[in-house]
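Report on one structure; see the data block that follows.
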Amino acid sequence: MKRVAEQTDFPAPTLRLNIDRDALAANWQALDKLSDGATAGAAVKANCYGLGVDKAVPVLRDAGVRDMFVAHWSEVPAVLAHVEPAQVSVLHGLLSIADVAYARQSGVVPVINSLFQAKLWHQGGGGRCHVMVDTGMNRLGLALEELSDPVLRGLEVDLLMSHLACADEDNPMNDAQLERFHAARQVFPSKRLSLANSAGIALGSRFAFDVTRPGLSLYGGIARDELAGHIQQVAYPQASILQTRVLKAGSSIGYNAMFTASRDMPVGIVSLGYADGLLRCWGGIGALQHEGRELPLLGRISMDMVAVDLSNADDLVEGDWLDLPYALQTAAEKAGLSQYELLTVLGRRLSS
C-alpha cells in the first residue's frame with residue numbers, strides 16, 4: 001500500500017483565502033506617503049493579522065518595509081525566513097535570560113518596556129534595543145518618571161516608542177499623549193522616534209516623527225475615515241458548496257432549529273464555519289455571494305459548515321465557490337465586530 005505521505009496528489013481544499021498582493025503593497029506605499037516624511041514600518045504580528053506571514057511579509061519587504069514588529073518571540077522564526085534579523089522587533093520585550101540570549105544570538109531587537117526588562121538586557125550583555133514609554137494607554141511601557149532611572153543609562157536605544165490609545169477617534173487624549181511623548185524625548189535620548197499606528201498616521205504630520213507602525217490598514221482596514229480613499233481590500237475569503245438540497249416548507253435546518261422554511265427553497269451547505277472565522281454573530285444577518293448574487297445565511301453557524309439560501313442562485317452545484325464579503329469597514333459595522341477581530345479570527349484552514 002502506498003503511504004499517504006508519498007502520494008503526489010492531495011485533495012483540493014474547500015476553503016481558500018485569496019490575498020491581493022498588489023493591494024497590500026499599494027496600502028503600504030500609501031501609508032508610507034501619508035506618514036509625511038517618516039518611514040512606515042509594518043506590524044506583522046498575529047500572522048500578519050491573520051493573512052499569513054509567508055504571503056504578506058515578502059510583499060511588504062519588496063514594497064520597501066524595513067522595520068517589522070511582532071508581539072511574541074514565538075513569531076520571530078516565521079518572519080526571519082523572509083527578512084534580516086535587525087529588521088524585526090519584539091514588542092513584548094524580555095521576561096527571562098533565555099529571551100535575552102535568543103535576542104542577542106539572533107540579532108532580533110527587543111522592545112524594553114520596564115526597568116525589569118532593562119536590567120535583564122544589561123545583565124545579558126545588551127545591544128541595540130527599542131524603548132516603549134507609556135504616555136497614557138497604561139498598557140506596556142515605562143512611566144515618564146522612570147525615564148531618568150540609572151538602569152536605563154547605557155542602553156543602545158534606536159527607537160523611542162509609544163502607542164496611541166484613541167487615534168481612531170477625535171479625542172483630546174491624542175494631543176495629551178503627543179505632549180507627553182514630546183516630554184519623554186526631551187529626557188530620554190534615542191536615534192529615532194515612533195508614535196503613530198494606522199489611525200495615528202491619519203492624524204497628520206505632528207504624530208509621524210521618524211517611523212510609523214501601521215498594522216490594520218496594511219491589510220485593508222480603514223482605521224479612520226480619512227484613510228478610506230487610500231486603502232484597498234486585501235483579503236478575499238472563499239468557500240465551496242459541499243451539498244445542495246431542497247428544504248421543504250415547515251422543515252428546519254441546523255443546530256437548535258433556528259430557521260424554519262416558510263416555503264420549499266433550495267439550500268447550499270457550505271464549507272465554512274466559526275472555526276474559520278465566520279462567527280455565530282453573523283447568523284441571521286450575513287450572506288455569502290456568488291458573482292454579486294446575495295445568498296443569505298440560514299440558521300445557526302456550525303463549526304465547519306453553514307447553510308445558505310440559494311433562491312437567488314439555484315443554478316449552483318456542489319463544488320462551486322462562494323465569496324465571503326470582507327470589505328472590513330462594512331463587515332465590521334454589520335457584524336458588530338472590530339476590523340481587527342474580522343482579520344485575526346480567520347482560521348488556519350482558510351490561509352492554508
Side-chain angles (χ1 to χ4, degrees), residues 12-20 23 50-51 216 219-222 225 228-229 231-347 349-351:
T14 57
L15 287 166
R16 60 192 181 197
L17 180 62
N18 297 317
I19 303 298
D20 187 333
L51 302 193
L216 177 68
Y219 309 112
I222 309 299
D225 288 341
I231 300 303
Q232 303 174 36
Q233 184 173 342
V234 174
Y236 293 85
Q238 292 184 310
S240 61
I241 298 174
L242 298 172
Q243 182 180 350
T244 60
R245 63 189 314 122
V246 174
L247 188 64
K248 297 293 186 180
S251 297
S252 61
I253 193 165
Y255 285 121
N256 305 113
M258 299 291 288
F259 175 83
T260 300
S262 60
R263 54 179 172 81
D264 290 359
M265 60 189 300
V267 169
I269 308 302
V270 184
S271 178
L272 181 68
Y274 58 76
D276 308 302
L278 186 68
L279 303 184
R280 284 189 167 184
C281 61
W282 283 104
I285 61 168
L288 302 185
Q289 292 181 347
H290 184 271
E291 297 179 351
R293 295 177 291 183
E294 289 240 330
L295 312 174
L297 304 181
L298 301 177
R300 179 154 282 172
I301 295 166
S302 301
M303 183 182 291
D304 314 300
M305 290 174 282
V306 66
V308 296
D309 181 355
L310 293 182
S311 298
N312 292 332
D314 58 5
D315 57 309
L316 297 180
V317 297
E318 284 88 348
D320 283 339
W321 287 93
L322 305 182
D323 300 312
L324 174 61
Y326 233 61
L328 293 174
Q329 190 175 41
T330 301
E333 291 169 357
K334 190 166 190 176
L337 299 170
S338 75
Q339 296 178 64
Y340 299 88
E341 289 170 306
L342 286 170
L343 285 173
T344 58
V345 298
L346 290 172
R349 297 184 296 197
L350 267 165
S351 57

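Note that the numbering runs from 1 along the sequence shown for the chain.
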Can you name the closest pair of heavy atoms from A313 and L295 and give their distance?
CB-CD2, 3.8 Å
What closest approach, in Å, do L15 and A239 show between heavy atoms, and which atom pair accounts for it?
CD2-CB, 3.7 Å
How about L17 and L51: do any of their side-chain heavy atoms sit closer than 4.5 Å?
yes
Hey, does V308 have a side-chain heavy atom less than 4.5 Å from the side chain of H290?
no
Using every non-hydrogen atom in the two residues, find where S252 and A257 come nearest and quote the distance to one decimal.
OG-CB, 3.4 Å
Going by heavy atoms in the side chains, are I241 and V317 under 4.5 Å from each other?
no
Between T344 and Y340, is there a donor-acceptor pair closer than 3.5 Å when you use the side chain of the first and the backbone of the second?
yes
Tell me, which pairs form a salt bridge (charged side-chain N to carboxylate O under 4.0 Å, His left out) where one or both residues lie in residues 321-345, sequence neighbours left out?
none
Tell me whether Q243 contacts the main-chain N or O of E318 through its side chain, where contact means a donor paired with an acceptor under 3.5 Å.
no
Nearest heavy-atom neighbours spanning T244 and L310
CG2-CD1, 3.9 Å
How long is the straight-line distance from CG of L324 back to CD of Q238, given to the nearest 0.5 Å?
10.0 Å
Less than 4.5 Å apart, side chain to side chain, heavy atoms only: is that true for L337 and V345?
no
Name the atoms and distances for all side-chain donor-acceptor pairs under 3.5 Å in residues 268-287, with sequence neighbours left out.
unit_1: S271; atom_1: OG; unit_2: T14; atom_2: OG1; d: 2.7
unit_1: D276; atom_1: OD1; unit_2: R349; atom_2: NE; d: 2.9
unit_1: D276; atom_1: OD1; unit_2: R349; atom_2: NH2; d: 3.1
unit_1: D276; atom_1: OD2; unit_2: G273; atom_2: N; d: 3.0
unit_1: D276; atom_1: OD2; unit_2: R349; atom_2: NH2; d: 3.3
unit_1: R280; atom_1: NE; unit_2: I301; atom_2: O; d: 3.2

Ignoring hydrogens and geometry, is there a side-chain-to-backbone donor-acceptor pair from Y326 to L342 under 3.5 Å?
yes
Which atoms form the tightest heavy-atom contact between I19 and A235, and what is the distance?
CD1-CA, 4.5 Å
How long is the straight-line distance from CG of L216 back to CD of Q339, given to the nearest 0.5 Å?
5.0 Å
Is any side-chain heavy atom of Q329 less than 4.5 Å from a side-chain heavy atom of D225?
yes
Over all heavy atoms of both residues, which pair between A332 and S338 is shortest? Give the atoms and the distance, please.
CB-C, 4.2 Å
Roughly how far, to the nearest 0.5 Å, is CG of D314 from CZ of R293?
8.5 Å
From M258 CE over to I253 CD1, what is the distance, rounded to the nearest 0.5 angstrom?
13.5 Å
Residues which pass side-chain contact (heavy atoms from CB on, under 4.5 Å) with S311, listed by chain and number, not counting sequence neighbours:
R263, M265, P266, D309
